[in-house]
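Atom set for the values below is all heavy atoms of this structure, side chains included, hydrogens, waters and symmetry mates excluded.
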Amino acid sequence: MAAAAGRRMGPSWWGFSPALDLQVHCESIHSLPSTLTGLQGTIQHLTSSDGLPELNILLVGGGDGRHLLKTICQASRWPHRKLKFFIIESDLELLARHMLFLSLALEHPEQMGLQEKSELFLELFGNSLIRSKTANYLQEKSELFIQCVTDPDYQQCVMPFLNLSSIKFKERDELEDIFKFWRIADPKLFPIDKYWDGKNRRHLGTRYDSRKGAYDWDLSMKLHDRGAGVINSREYNYWREKGVAFMNREGVYDVPNKTLASQMVVPQSSGKVLTRGYWGDITTSPYVAFGIETEEKSLLETANGVHVKSAQEIALHNIISLFHELATGKVYSVPASGQAEAELVKPVGDYKTNGDQTAAETIEEKAEAEDTKQSKYKGFITLNNVEIHFLPLSWVNELHCKGRFTNFFNLLYFSSSMVHLLKPEYKVIAASKATLVLELTKFMVDLQADKVQSYVSIVTKLAQGAGFTSDEPIDWKTHYIARFERGDDSVELQTAQ
């Protein structure tokens with residue numbers, strides 16, 4: 001599978017494993033605490049800058065930014081330190097989505113409330129179709145991002161936590177083109193409903209006419225059997241059919257989500273052509289990233305063997321919790337009112353189509369769109385002691401040649417789609433006692449159980465080749481990540497000996 005992952009696939013718009021607070025995994029991999037109070041440990045072997053310890057994290061193929069967001073949002077649970085993230089992605093569209101999600105998470109409370117922010121995030125994160133109000137927000141933010149990638153001084157003024165200095169001019173131009181495409185209002189430029197159905201037909205082949213049975217099989221025999229039982233058939237089947245995963249508000253979801261557009265060279269009758277389309281996941285779902293685990297265990301309760309809450313509700317709670325913690329520095333508590341969230345709007349009972357929209361809703365949406373257009377930029381929540389560096393994809397094979405990264409990274413993360421890029425040279429850039437986290441394929445619906453099992457052996461060999469070992473067995477049936485630790489045999493120590 002690592003070898004298979006090496007072939008060109010579409011972008012990983014969402015991950016195939018739940019979001020991680022990466023600081024947890026910098027502790028000894030043998031003794032992770034089970035409670036929040038036990039997390040206040042001390043991470044050793046960190047360099048210091050101005051007396052403040054630094055944690056240098058390399059993310060290769062994180063895709064949706066879930067690990068980045070969760071680590072930043074929960075930073076207040078840990079001893080004070082500077083967090084430096086270095087991000088490499090397979091597609092520039094993923095870096096563009098990183099900028100979108102970061103800016104949305106950091107929207108000032110006066111600009112956007114917690115509930116609205118969380119719902120908007122999930123809508124842009126996992127929906128093929130979005131509401132017109134959400135599309136207006138995306139167009140507005142695209143203007144900001146265009147200024148950021150074309151004017152470094154402006155970018156440092158509004159998003160000082162983001163470092164684009166390593167991105168080449170050609171890549172900046174391509175990012176600008178991506179944001180300009182997002183800014184265009186014409187929905188005909190990206191008919192994602194057509195792309196989705198076409199990809200679904202190609203994937204299912206002769207099973208397309210009986211696709212509901214195929215959806216049910218994948219859900220019950222793959223996702224449920226592998227630990228994602230909270231995803232219910234109604235939400236999963238609707239996502240498989242339409243590509244819409246999160247519908248927390250009454251409204252019409254009919255505008256293509258242009259952040260899911262990317263370009264790929266595909267063979268056609270005239271030869272290979274660079275084609276824009278939807279090239280992402282259509283089987284696993286966006287629910288895995290935020291919707292199948294939660295610290296609020298009451299949301300995982302069952303009645304007569306059926307989960308009371310849906311993956312949509314759990315995802316919304318988790319995002320609200322993360323954004324609340326980011327803004328306040330305090331862990332979110334479910335209100336005692338009996339509702340899961342304050343003024344929580346549950347996923348709607350009946351999905352609406354264009355024909356269901358009332359005149360009143362149309363007037364309301366137009367008014368909201370005008371308010372959005374006229375709103376003034378109020379700045380972002382201050383993000384102290386966090387640096388986020390975007391690196392070119394080409395650097396994935398060059399990091400060991402750059403002196404600044406020798407014995408540098410305290411934690412290295414590779415997604416399942418990019419783990420084939422983990423080479424023996426990575427031992428040069430790993431710090432002493434560094435941790436390597438590799439995403440497994442447990443929740444990849446398209447892989448049979450024997451492939452999921454054999455994948456563990458493949459990535460273990462890759463990790464060992466890069467100088468990492470694990471003293472704990474990796475259970476392919478229960479684990480969705482594999483953790484490895486590097487000893488004190490860093491390049492610097494070897495030289496000294």
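Here the closest non-hydrogen pair linking Ile292 and Ala228 is CG2-CB, 4.0 Å. Of all heavy-atom pairs spanning Ile146 and Lys180, the tightest one is CD1-CG, 3.7 Å. Pairing each heavy atom of Ile184 with each of Lys258, the nearest pair is O-NZ, 3.0 Å. Taking each heavy atom of Glu93 and Ala261 in turn, the nearest pair found is CG-O, 3.4 Å. In this structure, Val386 and Phe85 approach most closely via the heavy-atom pair CG1-CE1, 4.2 Å. Thr284 and Asp281 make their closest contact through N-OD1, 2.9 Å (heavy atoms, listed as atom of the first residue, atom of the second, distance).
Ser310 and Glu313 are linked by a side-chain donor-acceptor pair at a separation below 3.5 angstrom, with hydrogens and angles left out of the test. In this structure, a donor-acceptor pair under 3.5 Å is present between the side chains of Tyr137 and Glu107. Side-chain atoms of Glu301 and His307 include no donor-acceptor pair closer than 3.5 Å. The closest side-chain donor-acceptor pair between Asp91 and Ser262, if any, does not fall under 3.5 angstrom. Looking only at atom types and distance, the side chain of Tyr332 has no donor-acceptor partner in the side chain of Asn318 under 3.5 Å away. Remark: the Glu439 side chain and the Ser416 side chain contain an N/O donor-acceptor pair separated by less than 3.5 Å. Residues Glu119 and Gln115 bring a donor and an acceptor atom of their side chains to less than 3.5 Å of each other.
For Phe86, the ring-ring contact (aromatic ring centres under 6.0 Å, His included) criterion is met by His389, Phe405, Phe408, Phe409, not counting sequence neighbours. By the side chain to side chain contact (heavy atoms under 4.5 Å, CB included) test, Ala105 is found to be paired with Leu69, Phe323, Leu326, residues two or more places apart in sequence or in another chain being considered. Taking Lys199 as the reference, Arg202, Tyr278, Ile282 meet the side chain to side chain contact (heavy atoms under 4.5 Å, CB included) condition, with sequence neighbours excluded.
In terms of modelled atom types and a separation under 3.5 Å, the side chain of Ser118 and the main chain of Leu316 share no donor-acceptor contact. At distances below 3.5 Å, at least one donor-acceptor pair connects side-chain atoms of Arg211 with backbone N or O atoms of Tyr208. Of the possible polar contacts, none joining the Arg201 side chain to the Thr206 backbone as a donor-acceptor pair under 3.5 Å is found. Of the possible donor and acceptor atoms, none in the side chain of His324 sits under 3.5 Å from a partner among the backbone N and O of Ile320. Put simply, the side chain of Lys442 never gets that close to the backbone of Val452: no donor and acceptor are under 3.5 Å apart. Listed for the Gln111 side chain is no donor-acceptor partner under 3.5 Å among the backbone atoms of Gly379.
Residues Leu189 and Arg276 fail the side-chain proximity criterion, which asks for heavy atoms closer than 4.5 Å. Put simply, the side chain of Leu92 reaches to within 4.5 Å of the side chain of Glu171, judged on heavy atoms. Counting heavy atoms from C-beta on, the side chains of Val60 and Leu412 never come closer than 4.5 Å. Looking only at side-chain heavy atoms (C-beta outward), Val255 and Leu129 stay at 4.5 Å or farther from each other. Looking at Tyr238 and Met247, their side chains come closer than 4.5 Å, going by heavy atoms from C-beta outward. Glu235 is listed as a side-chain neighbour of Ile231, based on a closest heavy-atom distance under 4.5 Å. Contact of the Phe414 side chain with the Val437 side chain is not registered, since no non-hydrogen atoms from C-beta on lie closer than 4.5 Å. The shortest side-chain heavy-atom distance between Glu143 and Arg183 falls under the 4.5 Å cut-off.
Ring geometry for Phe246 versus Tyr287: interplanar angle over 60°, hence perpendicular rather than tilted (30 to 60°). Taking the six-membered ring for Trp and thresholds of 30 and 60 degrees, Phe443 and Tyr480 have ring planes inclined between 30 and 60 degrees apart.
The distance from the CD1 atom of Ile474 to the CG atom of Leu440 is 6.5 Å, given to the nearest 0.5 Å. Atoms CE and CG, from Met99 and Leu104 in turn, are 13.5 Å apart once rounded to the nearest 0.5 Å. Between the CG atom of Leu322 and the CD atom of Gln74 there is a distance of 5.5 Å, given to the nearest 0.5 Å. Note that the CG atom of Leu219 and the NZ atom of Lys222 stand 11.5 Å from one another [nearest 0.5 Å]. A distance of 8.5 Å separates CG in Asn127 from OG1 in Thr134, rounded to the nearest 0.5 Å. Atom OG of Ser132 and atom CD of Gln139 lie 10.0 Å apart (nearest 0.5 Å).
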- Checking salt bridge (charged side-chain N to carboxylate O under 4.0 Å, His left out) for the pair Glu174/Lys170: CA distance, chi angles, key distance, verdict? CA-CA 6 Å; Glu174 291 178 11; Lys170 180 177 180 294; 2.5 Å; yes
- Message: One pair to check against side chain to side chain contact (heavy atoms under 4.5 Å, CB included): Ser90 and Met418. What are the steps and the verdict?
- Response: CA-CA 8 Å; Ser90 61; Met418 295 186 73; 4.1 Å; yes
- Please lay out, stage by stage, how Glu296 and Ser298 fare under the test side-chain hydrogen bond (donor to acceptor under 3.5 Å, both in side chains). CA-CA 6 Å; Glu296 181 52 56; Ser298 65; 2.6 Å; yes
- Item | Stepwise salt bridge (charged side-chain N to carboxylate O under 4.0 Å, His left out) test for Arg240 and Asp218 | CA-CA 10 Å; Arg240 284 290 298 265; Asp218 287 343; 2.9 Å; yes
- Message: Before you tell me yes or no, could you show the steps for Leu383 and Leu106 under side chain to side chain contact (heavy atoms under 4.5 Å, CB included), namely the whole-Å CA-CA distance, both residues' side-chain angles and the distance that decides it to 0.1 Å?
- Response: CA-CA 8 Å; Leu383 199 57; Leu106 294 168; 4.0 Å; yes
- Message: side chain to side chain contact (heavy atoms under 4.5 Å, CB included) for Asn163 and Glu387? Distances and angles first, verdict last.
- Response: CA-CA 7 Å; Asn163 189 317; Glu387 294 179 12; 5.6 Å; no
- Task: Could you walk me through whether Asn257 and Ser128 pass the side chain to side chain contact (heavy atoms under 4.5 Å, CB included) test, one step at a time?
- Result: CA-CA 5 Å; Asn257 182 358; Ser128 62; 5.7 Å; no
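Between Arg97 and Glu89, none of the side-chain N atoms (NZ, or NE/NH1/NH2) sits under 4.0 Å from a carboxylate O, so this pair counts as no salt bridge. Asp216 and Lys212 are not joined by a salt bridge, as no carboxylate oxygen comes within less than 4.0 angstrom of a charged side-chain nitrogen.
With Phe101 as the partner, the ring-ring contact (aromatic ring centres under 6.0 Å, His included) test is satisfied by one option alone out of Trp13, Phe290, Phe121: Phe121. Applying ring-ring contact (aromatic ring centres under 6.0 Å, His included) to Trp239 and the options Tyr215, Trp196, Tyr253 leaves one that passes, Trp196.
Geometrically, Arg66 does not engage Phe125 in a cation-pi contact, judged by NZ or CZ lying under 6.0 Å from the ring centre and within 45° of the ring axis.
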